[in-house]
Amino acid sequence: MMRIGILTSGGDCQSLNATMRGVAKALYRLFDEIEIVGFEDGYKGLIYANYRVMKPEEFSGILTKGGTILGTSRQPFKLMRIPDGNGLDKVEAMKHTYRNLKLECLVVLGGNGSQKTANLLREEGLNVVSLPKTIDNDLWGTDITFGFQSAVNVATNAIDCIHTTAASHGRVFIVEVMGHKVGWLTLYAGIAGGADIILVPEIPYDLDVIIEALKKRTGEGKKFSIIAVAEGAISKENAVLTKKELKEKKKSGVIYPSVAYEIGAQITERTGQEVRVTVPGHMQRGGEPCPYDRVISTRLGAEAAKLIKNREYGYMVAVKNNEIVKAPLAEVAGKLKTVDPECSIVKEAKMIGISFGDK
């Protein structure tokens with residue numbers, strides 16, 4: 001009997017169930033005798049041996065279901081080597097669970113931190129196959145991650161809805177989009193939603209440039225403006241500071257709920273324009289997966305099953321030029337795929353008049 005473990009780790013997204021379904025359906029067809037062991041709440045389930053042997057029917061009817069039927073949790077990679085409150089060695093505990101259950105392979109669906117832990121387990125001698133999950137689309141080695149396009153749809157819809165009220169009241173609206181370190185989600189949603197200004201972490205903004213862009217719109221007779229701001233957007237002044245210096249600066253100034261509120265207050269102070277901030281927040285992770293994600297999740301899941309069939313372990317299944325490929329975990333784990341300020345999509349957005357607050 002072949003036994004395969006599977007878990008979903010980190011922040012949730014719309015296509016986790018769809019991807020697990022792809023893995024399971026392909027495995028059931030590739031092997032005559034196979035058991036899939038589902039670990040509950042991510043790596044926590046693997047650490048504390050909280051699992052269940054899953055039935056084939058559990059993978060039916062979940063293609064369109066958001067979230068994850070196994071549950072998930074965040075287990076920071078930097079804490080994996082640190083014993084828990086009871087002194088338990090987490091890495092040894094995961095290895096013990098894996099070997100005690102006589103697993104052939106562990107399938108991990110997760111983002112950057114989860115991929116690092118998956119690679120750690122690979123280094124510890126376990127057979128691992130991973131799949132690229134994150135609404136941030138920031139995983140190295142793959143063109144797209146499952147969950148990204150669905151999140152783009154939600155964030156874009158938020159901007160679309162804001163457009164009508166912004167136009168009605170003649171206000172500046174700031175929509176804060178998820179993304180602490182990278183701006184792919186804000187970039188795509190901003191362009192798709194027709195934002196006038198897009199601010200991402202990779203392109204530090206100049207408040208003077210933002211103000212100038214807003215004044216230009218007003219001078220052209222346009223009564224409202226939409227600004228899409230990533231959670232991790234940062235000013236040019238703050239971008240040159242060390243983490244310690246930035247922390248001290250924030251302590252000595254006015255404390256805002258987030259960067260969007262800070263920018264909003266600065267715009268009102270400088271221009272007198274009425275500004276409103278909207279934060280879709282975790283709505284961007286929720287709801288059903290869009291058709292694109294359902295397709296890509298199914299393809300990724302099937303390819304993961306193929307790797308297991310061929311006993312090709314230590315890989316993350318990835319998308320390259322619309323083809324499903326395998327990327328060595330050792331090469332992709334821990335690397336972020338950021339927005340290049342000089343990439344074509346940014347240049348094209350600027351060509352149609354979108355400001356990135358940089359020049």
Side-chain angles (χ1 to χ4, degrees), residues 1-75 80 84 86 88-111 113-115 117-118 120-122 124-133 146-147 285-286 288-289 294 297-298 300-302 304-309 313 317:
M1 174 70 71
M2 173 81 80
R3 304 191 88 194
I4 304 298
I6 191 168
L7 62 83
T8 58
S9 176
D12 68 321
C13 75
Q14 298 90 336
S15 265
L16 282 164
N17 287 325
T19 308
M20 282 192 285
R21 171 184 177 272
V23 175
K25 282 186 171 289
L27 284 175
Y28 288 135
R29 290 180 65 85
L30 289 172
F31 294 94
D32 294 328
E33 294 186 32
I34 188 165
E35 280 186 345
I36 298 177
V37 178
F39 292 99
E40 298 179 352
D41 301 325
Y43 284 114
K44 186 185 292 185
L46 186 61
I47 294 169
Y48 300 107
N50 295 325
Y51 62 87
R52 68 177 188 267
V53 176
M54 304 188 76
K55 301 175 182 178
E57 53 265 32
E58 291 187 71
F59 297 102
S60 296
I62 62 172
L63 176 64
T64 62
K65 186 177 181 180
T68 164
I69 59 174
L70 284 177
T72 188
S73 65
R74 295 185 184 276
Q75 299 292 313
M80 277 299 180
D84 70 2
N86 297 315
L88 179 70
D89 185 316
K90 299 169 192 168
V91 176
E92 288 302 316
M94 288 190 286
K95 289 161 61 178
H96 174 77
T97 300
Y98 178 99
R99 287 166 180 156
N100 188 52
L101 289 172
K102 296 181 172 58
L103 298 180
E104 168 68 22
C105 177
L106 176 68
V107 179
V108 175
L109 287 70
S114 302
Q115 300 294 336
T117 298
L120 181 154
L121 293 176
R122 179 197 65 80
E124 291 290 323
L126 305 191
N127 296 333
V128 180
V129 170
S130 70
L131 295 113
K133 178 271 326 174
F146 66 85
R285 295 189 182 279
E288 62 183 28
R294 297 178 201 178
S297 293
T298 301
L300 289 166
K306 180 182 174 183
L307 290 182
I308 293 170
K309 176 68 174 178
Y313 303 124
V317 188

Set of residues satisfying salt bridge (Lys or Arg N to Asp or Glu O under 4.0 Å) with respect to Lys65, sequence neighbours excluded:
none
Which residues share a salt bridge (Lys or Arg N to Asp or Glu O under 4.0 Å) with Arg3, sequence neighbours left out:
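Here the qualifying residues are Glu35.
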Out of curiosity, [X] [atom1] to [Y] [atom2], how far, rounded to the nearest 0.5 Å?
X      : Y      : atom1 : atom2 : value
Thr19  : Leu109 : OG1   : CG    : 5.5 Å
Gln75  : Asp41  : CD    : CG    : 9.0 Å
Leu70  : Asn50  : CG    : CG    : 12.0 Å
Ile308 : Met2   : CD1   : CE    : 8.0 Å
Ser73  : Ile47  : OG    : CD1   : 8.0 Å
Leu120 : Gln115 : CG    : CD    : 13.0 Å

Please determine whether a side-chain nitrogen of the Lys or Arg among Lys95 and Glu92 lies less than 4.0 Å from a carboxylate oxygen of the Asp or Glu.
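Glu92 and Lys95: salt-bridged.
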Check whether any side-chain heavy atom of [X] lies under 4.5 Å from a side-chain heavy atom of [Y], and answer yes or no.
X      : Y      : value
Leu126 : Met94  : no
Leu7   : Tyr51  : no
Ile36  : Val107 : no
Val91  : Glu124 : yes

Backbone N or O of [Y] within a donor-acceptor pair of the [X] side chain at under 3.5 Å?
X      : Y      : value
Thr8   : Gly71  : yes
Asp12  : Gly286 : no
Arg294 : Ala18  : no
Lys306 : Leu30  : no
Lys309 : Phe31  : no
Glu40  : Thr72  : no

What pairs of residues pass the side-chain hydrogen bond (donor to acceptor under 3.5 Å, both in side chains) test when at least one of them lies in residues 21-30, not counting sequence neighbours?
none
Looking only at heavy atoms, which two atoms of [X] and [Y] are closest? And how far apart?
X      : Y      : answer
Leu16  : Gly67  : CB-O, 3.5 Å
Cys13  : Gly147 : SG-CA, 3.9 Å
Met20  : Ile6   : CG-CD1, 3.7 Å
Ser15  : Pro289 : OG-CB, 3.3 Å
Ile69  : Asn17  : N-OD1, 2.9 Å
Phe146 : Ser297 : CB-OG, 3.5 Å

Going by distance alone, is a donor N or O of one side chain under 3.5 Å from an acceptor N or O of the other, for Glu104 and Tyr313?
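Indeed, the side chains of Glu104 and Tyr313 share at least one donor-acceptor pair under 3.5 Å.
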Side chain to side chain contact (heavy atoms under 4.5 Å, CB included) between Val23 and Ile4: does it pass, once the steps are laid out?
CA-CA 10 Å; Val23 175; Ile4 304 298; 5.9 Å; no
With side chain to side chain contact (heavy atoms under 4.5 Å, CB included) as the criterion, how do Leu121 and Tyr43 come out once you've worked through the C-alpha distance, each side chain's angles and the decisive distance to 0.1 Å?
CA-CA 11 Å; Leu121 293 176; Tyr43 284 114; 4.0 Å; yes
If you draw a 6.0 Å radius around CG in Asp32, do more than 12 non-hydrogen atoms from other residues or ligands fall strictly inside?
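Result for CG/Asp32: open.
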Should the heavy atoms of other residues, nucleotides or ligands under 6.0 Å from OH of Tyr48 be counted, would the total exceed 12?
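Check passes, neighbour count above 12.
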